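No experiment lies behind these values; they were computed from the predicted model shown. One-based numbering, in listed order, for ligands and for the atoms of each. Just so it is clear, the values below take in all heavy atoms, side chains as well, and ignore hydrogens, waters and symmetry mates.
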Amino acid sequence: MARLDPHSYNDSTQPETETLDWKARVDFRTRRLHAEATLTLKEASAGPLDLDTRDLDIRSVVDAQGRPLPYILSPPEPILGSRLRIELPAGLKQLTVRYRTSPEASALQWLLPSQTAGGQQPFLFSQCQAIHARSVVPLQDTPRLRIRYRASLRIPKGLKAVMAASFVGREEHGVEAEEHFEMPQSVPPYLLAFAVGSLAPKELGPRSRVWAEPEALEEAADEFAGVDDMLKAAESLFGPYDWERFDLLLMPPSFPYGGMENPRLTFLTPTLIAGDKSLVNVVAHELAHSWTGNLVTNASAEHFWLNEGFTVFAERRILEALAGPEVAALHAALGRRALDEALHHFRAHPQLTALRTHLSGVDPDEAFSQIPYEKGYLLLRALEDAVGRPTFDGFLRRYLATYRFQALTTEEFVLFTEKELPGALAKVDADAYLHRPGVPPSAPRPRSARLEALDRLRGLVPSEEQVRDWTPTEWQLYLESMPPDTSKDVFRLLDAKYALTKSRNSEVLVAWLVAALRAGWEPALARAEAFLGEVGRMKYLKPLYSVLASSREYRKTARAAFEKNGARYHPIARQGVELILARA
Ligand code: BES
Ligand code: ZN
């Protein structure tokens, strides 16, 4: 018995799943999927097979001839869910589980028509990372193991289904439609993804289209028009794109993340629609995951930095290629601020601030922070600086070639790097990044002329002349660096001059609202309250609720806003906000 992933019941001595055949009927009335999952194993074998499940109502488990197989569904554990142990008779290679999901399935959010752009049709989407796939399909829910799959979704005829897979066809039967998909590339289970709603496509380039509700489609297509250039830039940095298509799905506002790198179909928050393409670094990030994460995958949540640190590094290389080193440096500076804040936030849990974490008994959603992203980025930057860019680029290519379509651990990364770049890890004190809390003082510091200009304006009201060529990123950096004791007059003047309360750039708006509310500048309150009802992205909900909850005057407003909007947030976001309010 060997359990290699603390977040899965998978036992590495048991057979592995090769393919999944998944059929589900989407019932918006009861908020359930009525489903059947056929698992084909890599080799026939006898003995127990342990699958991960959460809140699944198991109806039957049968073999390929329809004969029942014995199984035990264990009582749920809080983080892992319930182990489904199936006894395999000798020679068995295929089994089918019939089941239905719970209306509370942690991977699914069922939206009312009023929670969509169009307001007429319901919407359903999945979000499986890190360990929510098991609430939708019984499987070996560990990123160490990859599967290929086929899927069919039965949906109301008036709706469209999309999946992070290749579309095969649609048939209509009475009031329902059945849509078929196939995923030819093998993926870890957390990349299983789909959405159902009123959705329409628009072409963006030879390999990309964007899906959105018709009401939002044109704006989305304008915002993401540059995606093909991004793909080409990424390929010239990291090698050929292995997933054939890079389509985008504009999500409803309650989507809890900025983006999710579902293969062939990246999910994106509508808060990226700024009207000026200023937030497309998130698209670059999700695209970069096509190499770092989706192709080369973390072996468990304990090595999450291998996904996100590498991806932030790759994201900034794409940005640098498309927009130049100054823009990449501004993003690195934002990242460093976010890292310092996260380190402060986790100061009572220093062990969670090392890149390599130990997460037995810890929910990955609770351990989530900017640390694997930005501390991971700094380690890779330090290595790049130590060996020089050409050498590091070669290393990166060999890393991707060696581990493609596989998972690895931090320990394997260390062995590989030691072999490929002898002495480099020691030179940058990689141990301090990987195994010790905080950030080593020797960590690279983003530097640029634009950053220095910003530093000189800290806490001051800049002139129109001074902000003339500021990008939204510079506004965000300027606002996030506002000293906490800045007088309300500064906020009044800033808003009068630059109308920040009306900003369409969600990053600038949130940085502005947080700074203004921290200073007690009352006119920011109404916009903050309204915004908490417009979006469900955790990156914005958490700082806004935190700043409101930390002030005696605004605490009531925070509670009232949550009372009003909480039911419409994604369960993961709702939990996060609840925690903030409970601690206030
Ligand atoms: N894979 C993550 C989102 C995620 C992480 C979902 C962990 C569930 C669990 C995605 O690639 C991501 O990092 N998105 C960022 C954007 C990015 C530019 C840093 C986000 O959502 O803000
Ligand atoms: Zn990411």
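Put simply, part of Phe304 is less than 4.0 Å from ligand 1, judged by heavy atoms.
Nearest-heavy-atom check against atom 18 (C) of ligand 1 across Arg537, His331, Gln370, His285 picks out His285. Across Met538, Glu286, Glu261, Gln127, heavy-atom proximity to atom 1 (N) of ligand 1 is greatest for Glu261.
With ligand atoms numbered from 1 in the order given, ligand 1 contributes 20 (C), 21 (O), 22 (O) to contacts under 4.0 Å with heavy atoms of Gly258. Remark: ligand 1 atoms within the under-4.0 Å shell around heavy atoms of Phe368 are 5 (C), 7 (C). Which parts of ligand 1 touch Met260 is read off a 4.0 Å heavy-atom cut-off, strictly below it: atoms 1 (N), 6 (C). For ligand 1, the atoms lying closer than 4.0 Å to a non-hydrogen atom of His289 are 11 (O).
The nearest heavy-atom contact from the protein to atom 13 (O) of ligand 1 is Tyr373 OH, 2.6 Å. Nearest non-hydrogen protein atom to atom 2 (C) of ligand 1 is Glu308 OE2, 3.4 Å. Closest protein heavy atom to atom 3 (C) of ligand 1: Gly259 O, 3.7 Å. Nearest non-hydrogen protein atom to atom 9 (C) of ligand 1 is Tyr257 OH, 3.7 Å.
Between Arg207 and Glu235, at least one side-chain N (NZ, or NE/NH1/NH2) sits under 4.0 Å from a carboxylate O, which counts as a salt bridge. By the 4.0 Å N-to-carboxylate-O rule, Arg317 lies close enough to Asp393 to be salt-bridged with it. A salt bridge between Glu104 and Arg574 is absent, with no side-chain N of the basic residue lying under 4.0 Å from a carboxylate O of the acidic one. For Glu244 and Arg264, the salt-bridge test passes: some basic side-chain N is under 4.0 Å from an acidic carboxylate O. Between Arg316 and Glu374 there is a salt bridge, with a side-chain nitrogen of the basic residue lying less than 4.0 Å from a carboxylate oxygen of the acidic one. For Glu219 and Arg504, the salt-bridge test passes: some basic side-chain N is under 4.0 Å from an acidic carboxylate O.
Inclusion of Lys539 in the set of residues having an N or O under 3.5 Å from an N or O of ligand 1 is not warranted. Considering backbone and side-chain N/O of Asn281, none are found under 3.5 Å from N/O of ligand 1. For ligand 1, the polar-atom distance check against Asp365 finds no nitrogen or oxygen pair separated by under 3.5 Å.
A donor-acceptor pair shorter than 3.5 Å can be found between the side chains of Trp512 and Thr501.
Side-chain rings of Phe255 and Phe125 approach one another, their centers coming within less than 6.0 Å.
Environment of NE2 in His435: crowded, with over 12 heavy atoms of neighbouring residues, nucleotides or ligands closer than 6.0 Å.
Listed for the Thr353 side chain is a donor-acceptor partner under 3.5 Å among the backbone atoms of Pro350.
Taking the Zn ion (ligand 2) as reference, Glu308 places its N/O/S atom OE1 nearest.
Under 4.0 angstrom from ligand 1, the non-hydrogen atoms of Gln129 come from both its backbone and its side chain.
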